[in-house]
Participant: 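Provided herewith is a single structure, encoded as structure tokens, for subsequent inquiry.
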Amino acid sequence: MEVFWFIIIAIVFAVFFILDGYDFGAGIIHLFFAKTEKDKQVIAKSAGLFWDSNEVWLVAGGGMLFMAFPTFYASVFSGFYLPLIIVLWLIVFRAIGLEFRNQFDYQMWKDMWDKAFGISSLLLALFFGVALGNIVRGVNLGGVENNISAYEGHFFFLPLWDSSFSPLSEHPGVIDWFTIIIGIISVITLSIHGANWIILKTNSSINNQLKTVIFKLNIALLVLTVISLYVWQSVRSDAFNNFLDKPYLIIFPLLYFTGLFGLFFIKKLKNNNYSFIFSILLILGGITSSLASMFPVLLPSTNGINESLTIYNTAAHEYGLSVAMGWGIAGFILLFVYMIIQKRLLGGKIDKMDYGH
Amino acid sequence: MEDMIFYDRLQFAFTITFHYIFPQLTMGLSLMIVYFKWKYLRSKVEKYNDAAKFFMKIFAINFTMGVVTGIPMEFQFGTNWAKFSELTGSIIGQTLAMEGMFSFFLESSFLVLFIFGEKLMGQKLHFLTGFLVFLGSWASGWFILATNAWMQHPVGYEILDNGKFILENFSAIFSNPWLIPAFLHNQMASVVTSSFVVASIGAFYILRKNNIEYGQLFLKTGVAFGLVSSILIAFPTGDWNAKNVAKYQPAAFAAMEGIFETEEAGAEIVLIGQPNMVEKKIDNKIAVPNILSFLTYQKWDKQIPGMDQFKKEELPTNIPALYYAYHIMVGLGTVFIGIMFLAAFFFWRKKIYSFKPLLWTIMFLVPFPYIANLTGWYVAELGRQPYLVYGLLKTSEGVSPTVSSGNTLFTLLGFVGLYMLLGLLFLVLVGKTIHQGPKPIKH
């Protein structure tokens, strides 16, 4: 039952990063590449029409995590207090930027909110990567000092950084050189994804240029992926044991590398859907591989005193989980129906779509 | 420790207050949109359809605000109330997760379809999408009220040796005797808000002499919905809730009614007065004898326990705030019934569109249903103190053990600043939409 909910929640969060990922990415592309007012407007619109329904997935994922693994939810959300609240602020601020930009027809006004939208998208992409880096690196659970826990063994609190900026320090902070590398990988991945989204959904004048951008970003991504795999190993010596023990888990990294190599053919692909699918594979593969490398651990402990948080020691009781499985399946069937209806009615480019007509 | 709880409570109170400005409108408004769309299907008069589409624009702005301010609400259970989340997550996580699964997806998917899909799907299906948006938003209210009802009157649980609450009976959560009255009261109150908003926009259009035909339609619809819902929030739903509080949280009942001393026989009802916590009495009190006993138990001489019957640690922590919240809510509810009856009377005499003082009153009354809704929630939440889960888990035991009050104060200040900006944006967006009005009527 724990495994069932682990998989479901992983899927919901992966879908969130795939969906909201494209509008974060569109924000980053918007910040660096959109030059004409028409492009800026249509790119903002390609994110603006969908971000709120995409963020519903975050709410749903948060609720399920709360229900199925309450101890993990409590521990992680209070332990990463500052970065999480900053993420919440950025989400709100980004929404303000998106909605404010078109309220007044005044160039400086638009530029200002465009920057707000772009920069908060960039920072969000960075922070989500940093968060993933923190999860795989692990934290000092229980706040252990001189072999004595300061709190109950499953609680912790992380400052934003530690003066050494090293993941190997005794009290690592949220930001260190390892989590920053993962953060940059996240920024590049989501930029590629956002660029693909723009190509797919709009007729912006930079669509061709974006293909070159994707190609170049992809080279950077390949280099960083190799580096990160190397340092991952040095941060956690057991990082790849799961893949050695259960070779079938290799499927997840394969998804990632299929996406990565597929994107090198971006200029030859006739159908823009394919390149979008490749960047989906990147995100899906990246998240699932990270989780698979840790399974069943959810948050490793960096000290020898308190044990890591796993899906087993943080889960809710059996009865609650099985009741929830019943309604969860019904809910997903309904959700699937909504998505089909929506897809059938609202496909195609968004340039011509108008509010209310 | 005391200080730390204060900032955590203040942050939650501030963010939930700001958040609840938006859902209370969308829930009621979605019902009225369904009504306008249904009228259009029946009559084929174009203005009903345009009214439905106009209010869906206002709905959409509020929905967006509800989403961005709602994400912090859910996260704050974990960030600021980690111990509470850990101990009760297997129960209240159920209802919160169901809210995401069954209402947000429904609401957001069909909202997009309603706005963009009218030409693509035909009128009957368009009505159906509107109805599903309504269903989603009310389902959301249902799950949140189920969560809150469990905290007010816990049922269907078992407490383990390590203090964790685990779910023992799933259906008990939804047959909680606290839930149905609270849900109906809350939904009716949100219809009051939306009726006043619709009527207020109508009065504005009539007074500014532009979009007059819509103004008349909105005013009429707003007053009709407003009259019915204003009565329903008082009776039977408000009455039913008060009886529940008297039955399940007698200490909270004594505090909200301002009964310091238990009377021999029937208890009086305090209409006006300020609680004096030093002398333990109500200053400059206006009260009617025996009425409270009659309203609560239908017996004139039934004794109702006052605050002197409870130990200090059983009483709510902020008695004056609870007392005021309750009296403001009830007072405003009474004013709403009065104004709506007056408006209905002028409609009956066919004089309302030219009676300017009433139009101005209705236009400027719009903040008050919001205040009444929010103070109603303050009654529920302040009355539950000092507990998070009534009688079982104290508020001070639910806070995050590792987050210092300095951090909480910092994030509270951040939320205050950011929400001011967000509030400004909201006013600009709604103001522009109202100013622009629905599609002009062709003759």
Side-chain angles (χ1 to χ4, degrees), chain A residues 49-50 52-53 55-56 58-71 73-79 81-82 84-85 88-89 91-93 95-96 99-100 103 143 151-152 154-157 316-317 319-320 323-324 327-328 331-332 334-335 338-339 341-342 345-346 353 355-357, chain B residues 53 57 63-64 67-72 74-75 77-80 82-83 85-94 96-102 104-106 108-113 115-121 166-168 170 400-403 407 411 414-415 418 421-422 425 428-429 432:
Chain A
L49 289 179
F50 302 99
D52 53 347
S53 27
E55 278 170 16
V56 169
L58 180 63
V59 182
M64 287 177 196
L65 197 62
F66 194 4
M67 180 275 297
F69 303 105
T71 305
Y73 181 84
S75 164
V76 165
F77 278 46
S78 62
Y81 185 79
L82 289 172
L84 257 169
I85 299 274
L88 292 175
W89 290 346
I91 286 177
V92 176
F93 191 60
I96 294 175
E99 302 293 329
F100 247 150
Q103 294 311 313
Y151 331 108
E152 281 181 86
H154 51 277
F155 282 115
F156 65 97
F157 187 83
H317 213 253
Y319 169 72
V323 170
W327 61 253
F332 272 102
L334 282 173
L335 177 61
Y338 310 153
M339 285 169 77
I341 297 173
Q342 208 175 18
L345 287 168
L346 297 179
M353 246 184 214
Y355 217 66
H357 298 285
Chain B
K53 286 196 280 185
K57 276 189 203 170
F63 179 74
T64 303
V67 173
V68 287
T69 56
I71 298 171
E74 189 191 45
F75 277 40
F77 285 116
T79 53
N80 295 61
K83 204 64 204 169
S85 303
E86 183 197 353
L87 296 178
T88 65
S90 47
I91 295 174
I92 64 168
Q94 291 273 344
L96 291 174
M98 289 178 87
E99 187 199 19
M101 195 79 242
F102 292 105
F104 290 150
F105 283 128
L106 185 67
S108 70
S109 312
F110 288 96
L111 175 62
V112 173
L113 284 177
I115 289 174
F116 296 108
E118 190 187 1
K119 292 234 169 87
L120 299 165
M121 63 177 85
I166 60 163
L167 187 63
E168 199 245 345
F170 179 69
S400 298
T402 63
V403 180
N407 280 313
T411 57
F415 275 114
L418 197 59
L421 195 61
L422 193 64
L425 168 68
V428 169
L429 290 173
K432 280 184 83 170

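In this text, all values refer to a predicted model and were calculated from it rather than measured experimentally.
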Participant: Under 4.5 Å heavy-atom distance to chain B, tell me which part of A/L58 shows up: side chain, backbone, both or neither.
Facilitator: both
Participant: Out of curiosity, B/S108 OG to A/Y338 OH, how far, rounded to the nearest 0.5 Å?
Facilitator: 9.5 Å
Participant: Heavy atoms only, distances under 4.5 angstrom: which of B/K432, B/K83, B/M121, B/Q94 has the most pairs with chain A? Name it, please.
Facilitator: B/Q94
Participant: Please name all residues satisfying side-chain hydrogen bond (donor to acceptor under 3.5 Å, both in side chains) with A/E55, sequence neighbours left out, ordered by chain then number.
Facilitator: none
Participant: To the nearest 0.5 Å, what is the distance between OG (B/S90) and OH (A/Y319)?
Facilitator: 12.0 Å
Participant: Non-hydrogen atoms of chain A under 4.5 Å away: do they reach the side chain of B/I166, the backbone, both or neither?
Facilitator: side chain
Participant: Between B/L422, B/V112, B/L106, who has the most heavy-atom pairs with chain A when the cutoff is under 4.5 Å?
Facilitator: B/L106
Participant: B/L111, B/L167, B/V428: which one forms the most heavy-atom pairs within less than 4.5 Å of chain A?
Facilitator: B/L167
Participant: Under 4.5 Å from any heavy atom of chain B, what part of A/F69 do you find: side chain, backbone, both or neither?
Facilitator: neither
Participant: Under 4.5 Å heavy-atom distance to chain A, tell me which part of B/E168 shows up: side chain, backbone, both or neither.
Facilitator: backbone
Participant: Could you give the distance from CD1 (B/I91) to CZ (A/F66), rounded to the nearest 0.5 Å?
Facilitator: 10.5 Å
Participant: Quick one: which of A/V323, A/L334, A/V76 has the most heavy-atom pairs under 4.5 Å with chain B, could you say?
Facilitator: A/V323
Participant: If you tally heavy-atom pairs under 4.5 Å against chain B, which of A/A95, A/A68, A/G62 wins?
Facilitator: A/G62
Participant: Output the option from B/V68, B/L418, B/L87 having the highest count of non-hydrogen pairs under 4.5 Å with chain A.
Facilitator: B/L418
Participant: Look up atom CZ in A/F93 and atom CG in A/L88, then write down how far apart they are to the nearest 0.5 Å.
Facilitator: 15.0 Å
Participant: The criterion is side-chain hydrogen bond (donor to acceptor under 3.5 Å, both in side chains); which residues satisfy it with A/Y81, sequence neighbours excluded?
Facilitator: B/N80, B/T411
Participant: Please rank B/G100, B/G414, B/A97 by heavy-atom pairs under 4.5 Å with chain A and give me the top one.
Facilitator: B/A97
Participant: Does any part of the side chain of B/V403, heavy atoms only, come nearer than 4.5 Å to the side chain of B/T79, both counted from C-beta?
Facilitator: no
Participant: Which atoms of A/I96 come close to chain B, meaning under 4.5 Å heavy atom to heavy atom: side chain ones, backbone ones, both, or neither?
Facilitator: both
Participant: Would you say the side chain of A/L335 lies within less than 4.5 Å of the side chain of B/M101, judging by non-hydrogen atoms?
Facilitator: yes
Participant: Under a 4.5 Å heavy-atom cutoff, which of B/F170, B/F75, B/F110, B/F102 has the most pairs with chain A?
Facilitator: B/F75
Participant: Picking from A/F155, A/F156, A/Y151, A/W89, which has the most non-hydrogen pairs under 4.5 angstrom with chain B?
Facilitator: A/W89
Participant: Any idea which of A/S75, A/G61, A/G320 has the most non-hydrogen atom pairs under 4.5 angstrom with chain B?
Facilitator: A/G320
Participant: To the nearest 0.5 Å, tell me how far A/E152 CD sits from B/T402 OG1.
Facilitator: 10.5 Å
Participant: B/F415 versus A/I85: any side-chain heavy-atom pair under 4.5 Å?
Facilitator: yes
Participant: Between atom CZ of B/F105 and atom CE of A/M339, what is the distance when rounded to the nearest 0.5 Å?
Facilitator: 8.5 Å
Participant: Specify which of A/A324, A/A60, A/S78 makes the most heavy-atom pairs with chain B at under 4.5 Å.
Facilitator: A/S78
Participant: Under 4.5 Å from any heavy atom of chain A, what part of B/F77 do you find: side chain, backbone, both or neither?
Facilitator: both
